[in-house]
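Notes to accompany the following structure.
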2 protein chains.
Amino acid sequence: MSNRAATKVFQGVEEQIATGQLKDGTKLDEASLAERFEVSRTPVREALLQLVGSGLATQIPKRGCFVNAPSFREVIEMFEVMSELEGMCARLAARRISDEQLNDLKTANAGCEDAIRYNDSDLYYDRNVDFHECIYFACGNRFLATETRALRRRLQSFRRLQLRARGRMPQSLTEHIEIIDAIETGDVYKADEISRRHVMIQGERFNDLLLHMEYDQ
Amino acid sequence: MSNRAATKVFQGVEEQIATGQLKDGTKLDEASLAERFEVSRTPVREALLQLVGSGLATQIPKRGCFVNAPSFREVIEMFEVMSELEGMCARLAARRISDEQLNDLKTANAGCEDAIRYNDSDLYYDRNVDFHECIYFACGNRFLATETRALRRRLQSFRRLQLRARGRMPQSLTEHIEIIDAIETGDVYKADEISRRHVMIQGERFNDLLLHMEYDQ
DNA sequence: ATCGAAATTATCGTATACAAAAATAATATG
DNA sequence: CATATTATTTTTGTATACGATAATTTCGAT
């Protein structure tokens, strides 16, 4: 945990965008933010640059920064991409995984089972991250791993939009087992397919539907 | 084109990393950069933040920024992800494209044909971008479009690594026609498959091979 | 009264100054 | 002579100051 003022501002604003306190289009005034976070304008500006870089804000030269909170539609879009990336990771892992990495994957999933036994959803969350990290590593593409990790982190804030928060742990675990099996047997197609669904159950069809309803937000 | 000092520094350093003038691991000293670009440290710091954001540099708190030039291996990895994203765009477009968008796509490809007739590879490059932009738009996922566009731009600097620079225009066009056909007939699988290959002919097998040779660059 | 131009104000972008932390050099001690 | 400890220097991170540009307001002319 960095003690920097800039990161404090960045995370603070990020948080407030995720929770909806800062609504889409709101101007991110440097002076006000500096005052609110009790820092000078310099770290505020650095934080804003990072926000722009991560897509959470838009900058108009000489005009300032504005909140770029993703609409419901955009969140769905992000999930759609996330499911693709997860699928790709699993598919590559199915071709490239080593015995040792497969072992690590099984161990990580055993951790998930433990979390279910304790009925500890927070613990499950962490163990689930470990599980997916194993796949990211085994996919043999560190760039892909980094990108997927970044998107996962970005979507984390919007998990509340995922309707099926509770009672999904057992199903998640079932999918894990299927994924492990697919990777172990080198079933590229299956590993891909299940991993996609693992991320977005309703799948792309849901988005198709949404597209025909209204184009914006 | 922004006249900002920060962007000047950003683009300058980006250029020098792409051309290899700034080698991997080189420390990006704020003072030297400020002197070299004849600006103060403030815009230099902003540029460095952006470089970190786009993955071209790594920042170690209280230690400074260091060039993060992608290795050959990483470039291959990026192409691998790029092919996946392009495939996804085409696949989604095959399901979602409208008559008008399909028309635009055909028009864009006609532009590519023109470029071949004139044997103008620079023109072909631009028209090819237009062609792919049509697919990005038709995929109906703006987040995906943005991400794919960003990666395309990032890889642009390393096109010199793509061996098959010359004499590929006709083959590229053949693939375009196949992609259009697949999208028009809604052949999701084919659109995906051809688009992937369109980006990275040698495909994933090449990378598989590389992985067994040596792990790190 | 309304529209337009000039003056004012506010805010962005940059430069400089300062404080804190780390790297380096110097000195002391075994 | 090597190592540890302290002093010096360098560099990062933050604050403040200043200039430039866009937004706003004021004022005058039609």
Side-chain angles (χ1 to χ4, degrees), chain A residues 1-17 21-70 146 150 153, chain B residues 1-17 21-70 146 150 153:
Chain A
M1 184 64 181
S2 171
N3 246 4
R4 288 188 51 190
T7 47
K8 186 173 71 176
V9 176
F10 175 75
Q11 292 173 350
V13 175
E14 186 185 37
E15 171 81 16
Q16 294 198 332
I17 292 175
Q21 290 180 262
L22 280 169
K23 286 174 192 167
D24 189 76
T26 306
K27 180 165 183 185
L28 292 168
D29 184 59
E30 296 179 1
S32 325
L33 286 174
E35 193 178 7
R36 188 134 59 86
F37 288 93
E38 296 175 313
V39 292
S40 82
R41 269 183 57 226
T42 308
V44 169
R45 282 181 61 81
E46 297 194 347
L48 290 181
L49 264 175
Q50 290 184 287
L51 286 166
V52 170
S54 59
L56 272 77
T58 312
Q59 186 184 36
I60 304 174
K62 288 280 179 191
R63 298 283 300 268
C65 273
F66 302 88
V67 175
N68 204 357
T146 304
R153 184 186 169 284
Chain B
M1 183 65 180
S2 170
N3 246 4
R4 290 186 50 191
T7 45
K8 186 172 71 175
V9 176
F10 175 76
Q11 292 173 350
V13 175
E14 186 184 37
E15 171 81 16
Q16 295 198 331
I17 291 175
Q21 290 181 263
L22 280 169
K23 288 174 192 168
D24 188 76
T26 306
K27 179 164 185 186
L28 294 168
D29 183 60
E30 296 179 2
S32 329
L33 286 173
E35 193 178 6
R36 187 136 58 87
F37 287 95
E38 296 174 315
V39 293
S40 81
R41 271 183 56 224
T42 308
V44 169
R45 282 181 61 81
E46 297 194 348
L48 290 181
L49 265 175
Q50 289 185 285
L51 286 167
V52 170
S54 59
L56 272 81
T58 312
Q59 188 185 35
I60 304 174
K62 288 283 179 187
R63 298 284 298 267
C65 274
F66 302 86
V67 175
N68 204 357
T146 305
R153 184 188 169 284

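Here is how names work: the chains are called A, B, and so on, in the same order as the sequence lines, proteins then strands, and each is numbered from 1.
Closest non-hydrogen pair, A:Leu22 versus A:Val13, comes out as CD1-CG1, 3.9 Å.
If you take OG1 on A:Thr58 and CG on A:Leu51, they are separated by 10.5 Å, rounding to the nearest 0.5 Å. Separating the CG atom in B:Asp29 from the CD atom in B:Glu35 is a distance of 9.5 Å, to the nearest 0.5 Å. Interatomic distance, A:Arg41 CZ to A:Leu48 CG, rounded to the nearest 0.5 Å: 10.0 Å.
Backbone-only contact: B:Arg63 has heavy atoms under 4.0 Å from sugar-phosphate atoms and none from a base. Within 4.0 Å (heavy atoms only), B:Ala31 reaches no atom of the nucleic acid at all.
For the pair B:Gln59 and D:dG13, the criterion of a side-chain N or O lying under 4.0 Å from OP1 or OP2 is met. For the OP1/OP2 pair of D:dT12 and a distance below 4.0 Å, the side-chain nitrogens and oxygens of B:Lys27 include at least one atom meeting the criterion.
In this structure, CD1 of B:Ile60 is placed 13 Å from C1' of C:dA22, rounded to the nearest angstrom. If you measure from atom CG of A:Leu28 to atom P of C:dC12, you get 10 Å, rounded to the nearest angstrom. Distance A:Arg45 CZ to C:dG13 C1': 5 Å, rounded to the nearest Å. Nucleotide D:dT12 holds its P atom 4 Å from the CD atom of B:Glu30, rounded to whole Å. Atom-to-atom, CD of A:Glu38 to P of D:dG13 comes out at 21 Å; the value is rounded to the nearest Å. Separating the CZ atom of A:Arg4 from the P atom of C:dA21 is a distance of 14 Å, rounded to the nearest angstrom. For the pair B:Arg41 CZ and D:dT14 P, the computed distance is 11 Å after rounding to whole Å. For the pair A:Leu33 CG and C:dT11 C1', the interatomic distance rounds to 13 Å; values are reported in whole Å.
Remark on DNA chain D: of its neighbouring residues A:Lys62 and A:Glu46, the 5'-side contact belongs to A:Glu46, judged by nearest-heavy-atom nucleotide. Nearest-nucleotide mapping onto DNA chain D: of B:Asp29 and B:Thr42, the residue sitting toward the 5' end is B:Asp29.
For the pair B:Lys23 (side chain) and B:Ala69 (backbone), a donor-acceptor distance under 3.5 Å is absent.
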